[in-house]
Amino acid sequence: MANSSKKQSFLGGAAILASAVAIVKIIGAFYKLPLNNILGDVGKTYFQTAYEIYNVLLTISTAGLPLAISKLTSQAQAQGKENEKRKLFRAAIWLFFGLGLVGSLLMFFGAQQLAVMQNNEMAAMPIRALAPAVFCVCLLACMRGYTQGQGIMAPTAISQVLEAFCKLGIGLPLAWYLLHIGKSLDWGAAGAIFGVTVGTILSMCFLVFYLMRHREKTDALDVPPSSGALMRSILAIGIPITLSNSAMSIITMIDTKIVLGRLQSGLGLTEVAAAALKGQYSYAMDMLNMVSSFVYPVTMSLIPFAAAALAQKDTRQANQTIDTSFRLIALLALPAGIGLSVLSTPIMVLVLPAQREGALSAGPHLQILGIATIFVCLMILTNAILQTYGKEKLPICTVIIGGLVKIVMNYVLVGNPDINIHGAPISTLCCYVTIVALNLFFVWKYSPEKPHYLQLFAKPILASALMGGSAWAIHGFTYRALSGHSAYGANALATLCGIGVGVVVYFILVVLLRILRAEDVESLPKGKKIAKLLHLK
(Lines give C-alpha, C1' and ligand atoms only; values in the text may rest on other atoms or scores of the structure.)
Protein backbone atom coordinates (compact mmCIF):
# COMPACT_ATOMS: atom_id res chain seq x y z
CA MET A 1 0.00 0.00 0.00
CA ALA A 2 2.76 2.38 0.92
CA ASN A 3 4.67 1.48 -2.22
CA SER A 4 1.72 2.14 -4.51
CA SER A 5 0.77 5.41 -2.91
CA LYS A 6 2.89 8.50 -2.61
CA LYS A 7 3.37 9.33 1.03
CA GLN A 8 2.01 12.76 1.87
CA SER A 9 3.95 15.25 3.90
CA PHE A 10 2.74 16.29 7.33
CA LEU A 11 0.96 19.34 5.96
CA GLY A 12 -0.31 17.46 2.93
CA GLY A 13 -1.86 14.80 5.17
CA ALA A 14 -3.28 17.43 7.50
CA ALA A 15 -4.72 19.29 4.49
CA ILE A 16 -6.49 16.16 3.23
CA LEU A 17 -7.99 15.43 6.64
CA ALA A 18 -8.85 19.09 7.23
CA SER A 19 -10.63 19.21 3.88
CA ALA A 20 -12.61 16.14 4.88
CA VAL A 21 -13.45 17.71 8.22
CA ALA A 22 -14.59 20.88 6.46
CA ILE A 23 -16.90 18.84 4.22
CA VAL A 24 -18.09 16.80 7.20
CA LYS A 25 -18.81 19.96 9.20
CA ILE A 26 -20.73 21.53 6.33
CA ILE A 27 -22.78 18.35 6.09
CA GLY A 28 -23.01 18.32 9.88
CA ALA A 29 -24.36 21.87 9.87
CA PHE A 30 -27.14 20.73 7.52
CA TYR A 31 -27.76 17.93 10.02
CA LYS A 32 -27.36 19.45 13.48
CA LEU A 33 -28.78 22.92 12.94
CA PRO A 34 -32.12 21.71 11.50
CA LEU A 35 -32.09 18.91 14.07
CA ASN A 36 -31.79 21.42 16.92
CA ASN A 37 -34.77 23.26 15.49
CA ILE A 38 -36.74 19.99 15.14
CA LEU A 39 -35.96 18.54 18.57
CA GLY A 40 -35.87 21.74 20.62
CA ASP A 41 -33.91 22.14 23.85
CA VAL A 42 -35.53 19.16 25.65
CA GLY A 43 -35.07 16.72 22.76
CA LYS A 44 -31.55 18.05 22.29
CA THR A 45 -30.70 16.96 25.83
CA TYR A 46 -31.95 13.42 25.17
CA PHE A 47 -29.78 13.32 22.03
CA GLN A 48 -26.76 14.82 23.79
CA THR A 49 -26.98 12.51 26.82
CA ALA A 50 -26.92 9.45 24.55
CA TYR A 51 -24.03 10.88 22.56
CA GLU A 52 -21.96 11.61 25.68
CA ILE A 53 -22.33 8.02 26.93
CA TYR A 54 -21.44 6.78 23.44
CA ASN A 55 -18.39 9.06 23.45
CA VAL A 56 -17.14 7.59 26.73
CA LEU A 57 -17.33 3.99 25.45
CA LEU A 58 -15.96 5.10 22.10
CA THR A 59 -13.05 6.99 23.61
CA ILE A 60 -12.13 4.10 25.89
CA SER A 61 -12.18 1.76 22.87
CA THR A 62 -10.59 3.96 20.21
CA ALA A 63 -8.93 7.10 21.58
CA GLY A 64 -5.39 5.93 22.20
CA LEU A 65 -5.04 2.56 20.51
CA PRO A 66 -5.42 3.85 16.90
CA LEU A 67 -2.80 6.50 17.61
CA ALA A 68 -0.54 3.76 18.98
CA ILE A 69 -1.07 1.75 15.78
CA SER A 70 -0.42 4.86 13.70
CA LYS A 71 2.79 5.63 15.59
CA LEU A 72 4.13 2.05 15.53
CA THR A 73 3.20 1.60 11.85
CA SER A 74 4.97 4.84 10.96
CA GLN A 75 8.10 3.79 12.86
CA ALA A 76 8.13 0.32 11.28
CA GLN A 77 7.72 1.77 7.79
CA ALA A 78 10.45 4.36 8.38
CA GLN A 79 12.80 1.50 9.35
CA GLY A 80 11.77 -0.72 6.42
CA LYS A 81 10.09 -3.36 8.61
CA GLU A 82 7.21 -4.29 6.30
CA ASN A 83 6.49 -7.69 7.90
CA GLU A 84 6.25 -6.10 11.33
CA LYS A 85 3.88 -3.47 9.99
CA ARG A 86 1.51 -6.06 8.52
CA LYS A 87 1.61 -8.30 11.59
CA LEU A 88 0.91 -5.28 13.79
CA PHE A 89 -2.37 -4.70 11.96
CA ARG A 90 -3.42 -8.35 12.14
CA ALA A 91 -2.85 -8.41 15.90
CA ALA A 92 -4.64 -5.10 16.46
CA ILE A 93 -7.81 -5.89 14.52
CA TRP A 94 -8.76 -8.70 16.94
CA LEU A 95 -8.22 -6.42 19.92
CA PHE A 96 -10.57 -3.83 18.43
CA PHE A 97 -13.12 -6.51 17.54
CA GLY A 98 -13.36 -7.54 21.19
CA LEU A 99 -13.48 -3.99 22.54
CA GLY A 100 -16.19 -2.98 20.10
CA LEU A 101 -18.34 -6.01 20.83
CA VAL A 102 -18.20 -5.46 24.60
CA GLY A 103 -18.96 -1.74 24.23
CA SER A 104 -21.97 -2.31 21.96
CA LEU A 105 -23.47 -4.99 24.19
CA LEU A 106 -23.02 -2.81 27.29
CA MET A 107 -24.67 0.17 25.64
CA PHE A 108 -27.60 -1.83 24.19
CA PHE A 109 -28.55 -3.95 27.19
CA GLY A 110 -27.64 -1.32 29.79
CA ALA A 111 -29.36 1.63 28.07
CA GLN A 112 -32.01 2.13 30.75
CA GLN A 113 -29.53 1.97 33.62
CA LEU A 114 -27.17 4.38 31.85
CA ALA A 115 -30.01 6.87 31.27
CA VAL A 116 -31.11 6.72 34.91
CA MET A 117 -27.50 7.20 36.00
CA GLN A 118 -27.45 10.47 34.03
CA ASN A 119 -30.66 11.77 35.66
CA ASN A 120 -32.28 11.60 32.22
CA GLU A 121 -34.48 8.49 31.90
CA MET A 122 -35.90 9.50 28.51
CA ALA A 123 -32.46 9.12 26.89
CA ALA A 124 -32.65 5.29 27.00
CA MET A 125 -33.99 4.84 23.48
CA PRO A 126 -31.39 7.11 21.81
CA ILE A 127 -28.66 5.27 23.75
CA ARG A 128 -29.90 1.93 22.43
CA ALA A 129 -30.07 3.28 18.86
CA LEU A 130 -26.35 4.19 19.03
CA ALA A 131 -25.16 0.86 20.47
CA PRO A 132 -24.18 -0.89 17.18
CA ALA A 133 -22.07 2.13 16.20
CA VAL A 134 -19.54 1.39 18.96
CA PHE A 135 -18.59 -1.96 17.38
CA CYS A 136 -18.30 -0.50 13.89
CA VAL A 137 -16.29 2.54 14.97
CA CYS A 138 -13.81 0.35 16.84
CA LEU A 139 -12.97 -1.53 13.64
CA LEU A 140 -12.96 1.77 11.73
CA ALA A 141 -10.47 3.23 14.20
CA CYS A 142 -8.06 0.33 13.77
CA MET A 143 -8.14 0.56 9.97
CA ARG A 144 -7.79 4.35 10.02
CA GLY A 145 -4.83 4.17 12.40
CA TYR A 146 -3.08 1.68 10.11
CA THR A 147 -3.51 3.76 6.94
CA GLN A 148 -2.66 7.05 8.69
CA GLY A 149 0.51 5.48 10.08
CA GLN A 150 1.65 4.99 6.48
CA GLY A 151 0.96 8.64 5.70
CA ILE A 152 -2.12 7.72 3.62
CA MET A 153 -4.93 10.01 4.77
CA ALA A 154 -7.42 9.72 1.89
CA PRO A 155 -9.22 6.53 3.11
CA THR A 156 -9.92 8.16 6.48
CA ALA A 157 -11.15 11.32 4.77
CA ILE A 158 -13.50 9.45 2.40
CA SER A 159 -14.91 7.27 5.19
CA GLN A 160 -15.61 10.35 7.33
CA VAL A 161 -17.50 12.06 4.51
CA LEU A 162 -19.49 8.91 3.79
CA GLU A 163 -20.40 8.66 7.47
CA ALA A 164 -21.59 12.28 7.53
CA PHE A 165 -23.76 11.85 4.40
CA CYS A 166 -25.55 8.88 5.97
CA LYS A 167 -26.15 10.84 9.15
CA LEU A 168 -27.72 13.66 7.16
CA GLY A 169 -29.63 11.54 4.65
CA ILE A 170 -31.04 9.05 7.15
CA GLY A 171 -30.97 10.56 10.65
CA LEU A 172 -32.52 13.95 9.93
CA PRO A 173 -35.47 12.73 7.81
CA LEU A 174 -36.14 9.90 10.27
CA ALA A 175 -36.24 12.30 13.24
CA TRP A 176 -38.64 14.62 11.39
CA TYR A 177 -40.86 11.72 10.29
CA LEU A 178 -41.12 10.18 13.77
CA LEU A 179 -42.14 13.50 15.32
CA HIS A 180 -44.45 14.23 12.37
CA ILE A 181 -46.46 11.04 13.02
CA GLY A 182 -46.81 11.95 16.68
CA LYS A 183 -43.98 10.05 18.37
CA SER A 184 -42.39 11.54 21.50
CA LEU A 185 -39.13 13.50 21.63
CA ASP A 186 -37.08 10.50 22.75
CA TRP A 187 -38.21 8.66 19.61
CA GLY A 188 -37.19 11.68 17.52
CA ALA A 189 -33.76 11.78 19.16
CA ALA A 190 -33.37 8.01 18.60
CA GLY A 191 -34.25 8.41 14.92
CA ALA A 192 -31.72 11.21 14.49
CA ILE A 193 -29.00 9.22 16.17
CA PHE A 194 -29.74 6.04 14.20
CA GLY A 195 -28.33 7.81 11.15
CA VAL A 196 -24.96 7.83 12.93
CA THR A 197 -25.14 4.06 13.35
CA VAL A 198 -25.93 3.47 9.67
CA GLY A 199 -23.10 5.81 8.67
CA THR A 200 -20.51 3.91 10.72
CA ILE A 201 -21.63 0.59 9.20
CA LEU A 202 -21.20 1.85 5.63
CA SER A 203 -17.88 3.57 6.43
CA MET A 204 -16.56 0.34 7.91
CA CYS A 205 -17.57 -1.56 4.78
CA PHE A 206 -15.75 1.02 2.62
CA LEU A 207 -12.48 0.70 4.56
CA VAL A 208 -12.65 -3.11 4.51
CA PHE A 209 -13.05 -2.95 0.73
CA TYR A 210 -10.18 -0.42 0.44
CA LEU A 211 -7.76 -2.54 2.46
CA MET A 212 -8.64 -5.67 0.47
CA ARG A 213 -8.04 -3.82 -2.81
CA HIS A 214 -4.71 -2.38 -1.63
CA ARG A 215 -3.34 -5.43 0.12
CA GLU A 216 0.47 -5.44 0.03
CA LYS A 217 2.15 -8.39 -1.65
CA THR A 218 5.78 -7.25 -1.58
CA ASP A 219 8.31 -9.53 0.10
CA ALA A 220 10.32 -8.30 3.07
CA LEU A 221 13.23 -9.78 5.03
CA ASP A 222 12.57 -8.48 8.53
CA VAL A 223 11.48 -10.94 11.22
CA PRO A 224 8.65 -9.35 13.22
CA PRO A 225 8.21 -9.76 16.98
CA SER A 226 5.53 -12.12 18.27
CA SER A 227 1.88 -11.05 18.24
CA GLY A 228 1.98 -10.85 22.04
CA ALA A 229 4.98 -8.50 21.97
CA LEU A 230 3.30 -6.29 19.37
CA MET A 231 0.10 -6.24 21.43
CA ARG A 232 2.07 -5.17 24.49
CA SER A 233 3.66 -2.34 22.48
CA ILE A 234 0.24 -1.16 21.31
CA LEU A 235 -1.13 -1.21 24.85
CA ALA A 236 1.95 0.44 26.37
CA ILE A 237 1.50 3.46 24.09
CA GLY A 238 -2.28 3.34 23.69
CA ILE A 239 -3.48 2.91 27.27
CA PRO A 240 -1.97 6.16 28.62
CA ILE A 241 -3.34 8.07 25.61
CA THR A 242 -6.72 6.39 26.10
CA LEU A 243 -6.74 7.31 29.76
CA SER A 244 -5.93 10.96 29.03
CA ASN A 245 -8.56 11.22 26.30
CA SER A 246 -11.24 9.14 28.00
CA ALA A 247 -10.74 11.07 31.23
CA MET A 248 -12.21 14.14 29.53
CA SER A 249 -15.15 12.16 28.12
CA ILE A 250 -15.85 10.59 31.50
CA ILE A 251 -15.58 13.98 33.19
CA THR A 252 -18.00 15.44 30.61
CA MET A 253 -20.47 12.65 31.34
CA ILE A 254 -20.13 13.21 35.10
CA ASP A 255 -20.46 16.92 34.40
CA THR A 256 -23.83 16.35 32.68
CA LYS A 257 -25.02 14.29 35.63
CA ILE A 258 -23.97 17.04 38.06
CA VAL A 259 -25.52 19.86 35.99
CA LEU A 260 -28.86 18.07 35.61
CA GLY A 261 -28.73 16.90 39.21
CA ARG A 262 -27.98 20.36 40.65
CA LEU A 263 -30.67 21.98 38.52
CA GLN A 264 -33.17 19.46 39.88
CA SER A 265 -32.03 18.98 43.49
CA GLY A 266 -30.33 22.32 44.08
CA LEU A 267 -32.83 24.59 42.34
CA GLY A 268 -35.95 22.40 42.53
CA LEU A 269 -36.54 22.17 38.74
CA THR A 270 -38.37 19.29 37.09
CA GLU A 271 -36.47 16.86 34.86
CA VAL A 272 -37.99 18.46 31.74
CA ALA A 273 -37.17 22.02 32.89
CA ALA A 274 -33.59 21.00 33.73
CA ALA A 275 -33.30 19.29 30.35
CA ALA A 276 -34.41 22.51 28.64
CA LEU A 277 -31.67 24.56 30.33
CA LYS A 278 -29.05 21.88 29.63
CA GLY A 279 -30.21 21.83 26.00
CA GLN A 280 -29.56 25.56 25.66
CA TYR A 281 -26.04 25.04 26.97
CA SER A 282 -25.61 22.14 24.51
CA TYR A 283 -26.57 24.44 21.62
CA ALA A 284 -23.53 26.57 22.43
CA MET A 285 -21.30 23.53 22.97
CA ASP A 286 -22.10 22.40 19.41
CA MET A 287 -20.36 25.52 18.08
CA LEU A 288 -17.29 24.87 20.27
CA ASN A 289 -17.07 21.25 19.10
CA MET A 290 -17.43 22.31 15.47
CA VAL A 291 -14.26 24.41 15.66
CA SER A 292 -12.20 22.03 17.81
CA SER A 293 -12.82 19.13 15.41
CA PHE A 294 -10.56 20.88 12.87
CA VAL A 295 -7.61 20.37 15.21
CA TYR A 296 -7.74 16.58 14.99
CA PRO A 297 -6.54 16.45 11.36
CA VAL A 298 -3.39 18.30 12.45
CA THR A 299 -2.80 15.92 15.38
CA MET A 300 -3.59 12.79 13.35
CA SER A 301 -1.01 13.89 10.79
CA LEU A 302 1.41 15.24 13.40
CA ILE A 303 1.91 12.05 15.41
CA PRO A 304 3.00 9.62 12.66
CA PHE A 305 5.23 12.15 10.87
CA ALA A 306 6.87 13.47 14.03
CA ALA A 307 7.23 9.92 15.37
CA ALA A 308 8.91 8.81 12.13
CA ALA A 309 11.32 11.75 12.36
CA LEU A 310 12.17 10.91 15.97
CA ALA A 311 12.64 7.22 15.05
CA GLN A 312 15.26 8.36 12.52
CA LYS A 313 16.87 10.64 15.15
CA ASP A 314 15.87 13.69 13.11
CA THR A 315 14.93 16.04 15.96
CA ARG A 316 15.17 19.07 13.67
CA GLN A 317 12.39 17.75 11.42
CA ALA A 318 10.28 16.77 14.43
CA ASN A 319 10.63 20.25 15.97
CA GLN A 320 9.83 21.92 12.65
CA THR A 321 6.67 19.81 12.34
CA ILE A 322 5.58 20.70 15.87
CA ASP A 323 6.27 24.43 15.38
CA THR A 324 4.22 24.36 12.19
CA SER A 325 1.36 22.66 14.00
CA PHE A 326 1.39 25.39 16.68
CA ARG A 327 1.19 28.10 14.02
CA LEU A 328 -1.65 26.33 12.20
CA ILE A 329 -3.69 25.93 15.39
CA ALA A 330 -3.06 29.54 16.40
CA LEU A 331 -4.21 30.67 12.94
CA LEU A 332 -7.41 28.63 13.27
CA ALA A 333 -8.36 28.64 16.95
CA LEU A 334 -7.75 32.27 17.89
CA PRO A 335 -9.92 33.96 15.22
CA ALA A 336 -12.61 31.27 15.48
CA GLY A 337 -12.84 31.55 19.26
CA ILE A 338 -12.87 35.34 19.32
CA GLY A 339 -15.36 35.45 16.43
CA LEU A 340 -17.75 33.10 18.24
CA SER A 341 -17.44 35.18 21.39
CA VAL A 342 -18.06 38.66 19.92
CA LEU A 343 -20.95 37.48 17.72
CA SER A 344 -22.29 34.86 20.12
CA THR A 345 -25.99 35.75 20.34
CA PRO A 346 -26.33 36.80 16.67
CA ILE A 347 -24.81 33.47 15.60
CA MET A 348 -27.15 31.44 17.81
CA VAL A 349 -30.19 33.36 16.54
CA LEU A 350 -29.00 32.80 12.96
CA VAL A 351 -28.65 29.02 13.28
CA LEU A 352 -31.77 28.44 15.42
CA PRO A 353 -34.61 30.30 13.67
CA ALA A 354 -37.26 27.92 15.06
CA GLN A 355 -35.92 28.10 18.63
CA ARG A 356 -35.49 31.85 19.14
CA GLU A 357 -35.96 31.77 22.91
CA GLY A 358 -33.43 28.97 23.27
CA ALA A 359 -31.03 30.80 20.94
CA LEU A 360 -31.20 33.99 23.01
CA SER A 361 -30.53 31.96 26.15
CA ALA A 362 -27.61 30.14 24.49
CA GLY A 363 -25.91 33.37 23.37
CA PRO A 364 -24.32 34.23 26.75
CA HIS A 365 -23.07 30.64 27.02
CA LEU A 366 -21.36 30.91 23.64
CA GLN A 367 -19.77 34.23 24.60
CA ILE A 368 -17.77 32.37 27.25
CA LEU A 369 -17.38 29.13 25.31
CA GLY A 370 -15.98 31.04 22.33
CA ILE A 371 -12.91 31.86 24.41
CA ALA A 372 -12.90 28.29 25.76
CA THR A 373 -12.69 27.08 22.14
CA ILE A 374 -9.16 28.46 21.89
CA PHE A 375 -8.04 26.46 24.91
CA VAL A 376 -9.80 23.27 23.78
CA CYS A 377 -7.85 23.42 20.50
CA LEU A 378 -4.58 24.02 22.32
CA MET A 379 -5.33 21.15 24.71
CA ILE A 380 -5.86 18.71 21.82
CA LEU A 381 -2.62 19.81 20.16
CA THR A 382 -0.44 19.84 23.27
CA ASN A 383 -1.76 16.41 24.32
CA ALA A 384 -0.66 15.07 20.92
CA ILE A 385 2.77 16.71 21.20
CA LEU A 386 3.39 15.20 24.65
CA GLN A 387 2.27 11.80 23.35
CA THR A 388 4.64 12.12 20.39
CA TYR A 389 7.52 12.80 22.78
CA GLY A 390 6.66 9.61 24.68
CA LYS A 391 5.14 11.47 27.65
CA GLU A 392 1.76 9.74 27.31
CA LYS A 393 1.04 9.80 31.06
CA LEU A 394 1.32 13.56 31.52
CA PRO A 395 -1.92 14.43 29.65
CA ILE A 396 -3.75 12.00 31.94
CA CYS A 397 -2.73 14.04 34.96
CA THR A 398 -3.42 17.45 33.43
CA VAL A 399 -6.84 16.40 32.11
CA ILE A 400 -7.84 14.95 35.48
CA ILE A 401 -6.76 18.14 37.25
CA GLY A 402 -8.74 20.27 34.80
CA GLY A 403 -11.71 17.91 35.07
CA LEU A 404 -11.75 18.19 38.85
CA VAL A 405 -11.78 21.99 38.48
CA LYS A 406 -14.77 21.67 36.16
CA ILE A 407 -16.73 19.29 38.41
CA VAL A 408 -16.19 21.28 41.60
CA MET A 409 -17.02 24.61 39.95
CA ASN A 410 -20.14 23.17 38.32
CA TYR A 411 -21.39 21.78 41.62
CA VAL A 412 -20.92 25.13 43.33
CA LEU A 413 -21.96 27.52 40.55
CA VAL A 414 -24.88 25.67 38.93
CA GLY A 415 -26.46 25.07 42.33
CA ASN A 416 -26.34 28.83 43.04
CA PRO A 417 -29.74 30.37 42.11
CA ASP A 418 -28.06 33.63 41.07
CA ILE A 419 -25.76 31.85 38.59
CA ASN A 420 -27.77 28.77 37.59
CA ILE A 421 -26.88 27.13 34.25
CA HIS A 422 -24.47 30.01 33.47
CA GLY A 423 -22.02 28.29 35.82
CA ALA A 424 -21.55 25.48 33.25
CA PRO A 425 -19.68 27.52 30.58
CA ILE A 426 -17.64 29.31 33.26
CA SER A 427 -16.46 25.99 34.71
CA THR A 428 -15.72 24.69 31.18
CA LEU A 429 -13.49 27.68 30.42
CA CYS A 430 -11.60 27.36 33.73
CA CYS A 431 -11.15 23.62 33.14
CA TYR A 432 -9.45 24.04 29.75
CA VAL A 433 -7.36 27.03 30.83
CA THR A 434 -5.97 24.88 33.65
CA ILE A 435 -5.15 21.96 31.33
CA VAL A 436 -3.49 24.13 28.68
CA ALA A 437 -1.36 26.04 31.19
CA LEU A 438 0.02 22.75 32.53
CA ASN A 439 0.46 21.23 29.06
CA LEU A 440 2.33 24.23 27.67
CA PHE A 441 4.74 24.04 30.60
CA PHE A 442 5.44 20.34 30.00
CA VAL A 443 5.82 20.80 26.23
CA TRP A 444 8.38 23.54 26.92
CA LYS A 445 10.14 21.34 29.49
CA TYR A 446 10.51 18.23 27.31
CA SER A 447 11.04 19.75 23.85
CA PRO A 448 14.64 19.42 22.60
CA GLU A 449 14.31 22.93 21.20
CA LYS A 450 12.25 25.13 23.52
CA PRO A 451 9.21 26.62 21.75
CA HIS A 452 8.95 30.41 21.83
CA TYR A 453 5.31 30.86 22.82
CA LEU A 454 5.34 34.65 22.64
CA GLN A 455 6.70 34.52 19.10
CA LEU A 456 4.17 31.85 18.10
CA PHE A 457 1.06 33.52 19.53
CA ALA A 458 1.64 37.30 19.70
CA LYS A 459 0.84 38.15 16.07
CA PRO A 460 -2.15 35.77 15.76
CA ILE A 461 -3.61 37.25 18.98
CA LEU A 462 -3.22 40.80 17.62
CA ALA A 463 -4.72 39.87 14.24
CA SER A 464 -7.62 38.01 15.89
CA ALA A 465 -8.41 40.90 18.23
CA LEU A 466 -8.54 43.36 15.31
CA MET A 467 -10.63 40.88 13.34
CA GLY A 468 -13.07 40.48 16.25
CA GLY A 469 -13.43 44.24 16.66
CA SER A 470 -14.13 44.74 12.95
CA ALA A 471 -16.69 41.89 12.85
CA TRP A 472 -18.50 43.28 15.92
CA ALA A 473 -18.55 46.83 14.50
CA ILE A 474 -19.81 45.77 11.05
CA HIS A 475 -22.53 43.61 12.58
CA GLY A 476 -23.75 46.45 14.79
CA PHE A 477 -23.69 48.99 11.95
CA THR A 478 -25.51 46.69 9.51
CA TYR A 479 -28.13 45.61 12.05
CA ARG A 480 -28.96 49.21 12.95
CA ALA A 481 -29.15 50.13 9.26
CA LEU A 482 -31.69 47.34 8.68
CA SER A 483 -33.85 48.14 11.72
CA GLY A 484 -37.52 48.11 10.82
CA HIS A 485 -37.16 45.07 8.56
CA SER A 486 -37.59 41.41 9.50
CA ALA A 487 -35.80 40.82 12.81
CA TYR A 488 -34.41 37.45 11.72
CA GLY A 489 -33.45 38.70 8.25
CA ALA A 490 -31.71 41.79 9.65
CA ASN A 491 -29.75 39.69 12.13
CA ALA A 492 -28.84 37.09 9.50
CA LEU A 493 -27.54 39.66 7.02
CA ALA A 494 -25.71 41.63 9.71
CA THR A 495 -24.10 38.47 11.11
CA LEU A 496 -22.98 37.22 7.70
CA CYS A 497 -21.58 40.68 6.85
CA GLY A 498 -19.70 40.75 10.16
CA ILE A 499 -18.23 37.30 9.56
CA GLY A 500 -17.32 38.11 5.95
CA VAL A 501 -15.55 41.35 6.84
CA GLY A 502 -13.81 39.62 9.74
CA VAL A 503 -12.46 36.91 7.43
CA VAL A 504 -11.16 39.48 4.93
CA VAL A 505 -9.56 41.62 7.65
CA TYR A 506 -7.92 38.58 9.22
CA PHE A 507 -6.52 37.32 5.89
CA ILE A 508 -5.03 40.74 5.15
CA LEU A 509 -3.46 40.90 8.62
CA VAL A 510 -2.02 37.38 8.29
CA VAL A 511 -0.22 38.49 5.12
CA LEU A 512 0.82 41.94 6.40
CA LEU A 513 2.10 40.64 9.74
CA ARG A 514 3.83 37.68 8.04
CA ILE A 515 2.26 35.20 10.45
CA LEU A 516 2.64 32.32 7.98
CA ARG A 517 6.05 31.11 6.86
CA ALA A 518 6.95 29.64 3.49
CA GLU A 519 7.66 26.25 5.10
CA ASP A 520 4.11 26.20 6.48
CA VAL A 521 2.49 26.16 3.05
CA GLU A 522 5.10 24.70 0.67
CA SER A 523 4.00 21.12 1.41
CA LEU A 524 0.42 21.89 0.36
CA PRO A 525 -0.76 21.38 -3.23
CA LYS A 526 0.60 24.35 -5.23
CA GLY A 527 2.23 25.42 -1.96
CA LYS A 528 5.34 26.96 -3.53
CA LYS A 529 3.23 29.09 -5.83
CA ILE A 530 1.06 30.19 -2.89
CA ALA A 531 4.14 31.09 -0.84
CA LYS A 532 5.56 33.08 -3.74
CA LEU A 533 2.24 34.85 -4.37
CA LEU A 534 1.98 35.87 -0.71
CA HIS A 535 5.70 36.77 -0.53
CA LEU A 536 6.26 34.35 2.34
CA LYS A 537 9.75 33.71 3.61
Side-chain angles (χ1 to χ4, degrees), residues 27-58 103-137 163-202 253 256-257 259-260 263-264 269-283 285-286 351-355 357-359 362:
I27 298 169
F30 283 103
Y31 169 71
K32 271 198 172 182
L33 299 180
L35 182 64
N36 289 344
N37 286 282
I38 291 170
L39 294 180
D41 42 23
V42 177
K44 172 68 176 179
T45 298
Y46 300 155
F47 179 96
Q48 197 67 26
T49 299
Y51 219 90
E52 286 171 0
I53 293 169
Y54 166 73
N55 268 338
V56 170
L57 293 175
L58 195 62
S104 285
L105 292 174
L106 175 63
M107 198 165 174
F108 186 83
F109 291 106
Q112 191 64 48
Q113 292 83 350
L114 289 168
V116 171
M117 182 185 73
Q118 288 300 93
N119 295 316
N120 197 3
E121 293 184 35
M122 299 297 288
M125 193 174 295
I127 293 170
R128 196 168 284 120
L130 256 181
V134 176
F135 174 75
C136 297
V137 172
E163 195 175 329
F165 268 120
C166 292
K167 185 167 62 174
L168 173 65
I170 296 172
L172 190 62
L174 187 55
W176 176 85
Y177 175 74
L178 289 170
L179 294 179
H180 182 69
I181 63 174
K183 294 292 186 180
S184 56
L185 283 171
D186 60 325
W187 274 83
I193 223 159
F194 185 69
V196 177
T197 296
V198 175
T200 59
I201 293 171
L202 293 180
M253 190 174 75
T256 295
K257 176 181 174 64
V259 169
L260 290 173
L263 289 172
Q264 293 171 50
L269 300 180
T270 65
E271 184 177 313
V272 172
L277 290 178
K278 176 62 169 58
Q280 293 161 8
Y281 172 61
S282 296
Y283 289 154
M285 283 296 295
D286 281 346
V351 300
L352 294 170
Q355 302 289 337
E357 184 178 340

Indicate the atoms forming the closest heavy-atom contact of Val198 with Cys166, along with that distance. C-CB, 4.4 Å
Main-chain N/O of Thr45 paired to Ser282 side chain as donor or acceptor, under 3.5 Å: no
Using the test side chain to side chain donor-acceptor pair (under 3.5 Å), find all partners of Thr49 that sit at least two apart in sequence or belong to another chain. Asn120
Derivation of the side-chain contact (heavy atoms from CB on, under 4.5 Å) call for Leu277 and Val259: CA-CA 10 Å; Leu277 290 178; Val259 169; over 6 Å; no
Partners of Thr256 by side chain to side chain donor-acceptor pair (under 3.5 Å), sequence neighbours excluded? Glu52
For residues Gln264 and Thr270, report the shortest heavy-atom separation together with the two atoms involved. CG-O, 4.1 Å
Search all heavy atoms of Ala123 against all heavy atoms of Ala50 and return the closest pair with its distance. O-CB, 4.4 Å
What pairs with Phe135 under ring-ring contact (aromatic ring centres under 6.0 Å, His included), at least two apart in sequence or on another chain? Phe97
Output every pair passing side chain to side chain donor-acceptor pair (under 3.5 Å) with a member in residues 184-196, not counting sequence neighbours, ordered by first then second residue. Ser184-Asp186
Could you pull out the closest heavy-atom pair between Val134 and Ser104, with the gap in Å? CB-OG, 3.6 Å
Contacts of Leu185 that satisfy side-chain contact (heavy atoms from CB on, under 4.5 Å) - sequence neighbours left out: Val42, Tyr46, Leu179
side-chain contact (heavy atoms from CB on, under 4.5 Å) with Phe108: which residues, sequence neighbours excluded? Arg128, Ala131
With sequence neighbours left out, the residues meeting ring-ring contact (aromatic ring centres under 6.0 Å, His included) with Trp176 are His180
Using the test side-chain contact (heavy atoms from CB on, under 4.5 Å), find all partners of Pro353 that sit at least two apart in sequence or belong to another chain. Asn37, Tyr488
Contact summary for Ile193 and Pro126, nearest pair of heavy atoms: CG2-O, 3.4 Å
For Phe194, which residues count as a ring-ring contact (aromatic ring centres under 6.0 Å, His included) partner, sequence neighbours excluded? none
What pair of heavy atoms forms the shortest contact from Ala175 to Gly188, and how long is it? CB-O, 3.4 Å
Which pairs pass salt bridge (Lys or Arg N to Asp or Glu O under 4.0 Å) with one or both residues in residues 109-127, sequence neighbours excluded? none
So does Met117 get a backbone contact from the side chain of Lys257, meaning a donor-acceptor N/O pair under 3.5 Å? yes
Which residues pass the side chain to side chain donor-acceptor pair (under 3.5 Å) test with Thr200, sequence neighbours left out? none
Could you work out, with side chain to side chain donor-acceptor pair (under 3.5 Å) as the rule, every residue matching Tyr281, not counting sequence neighbours? Thr428
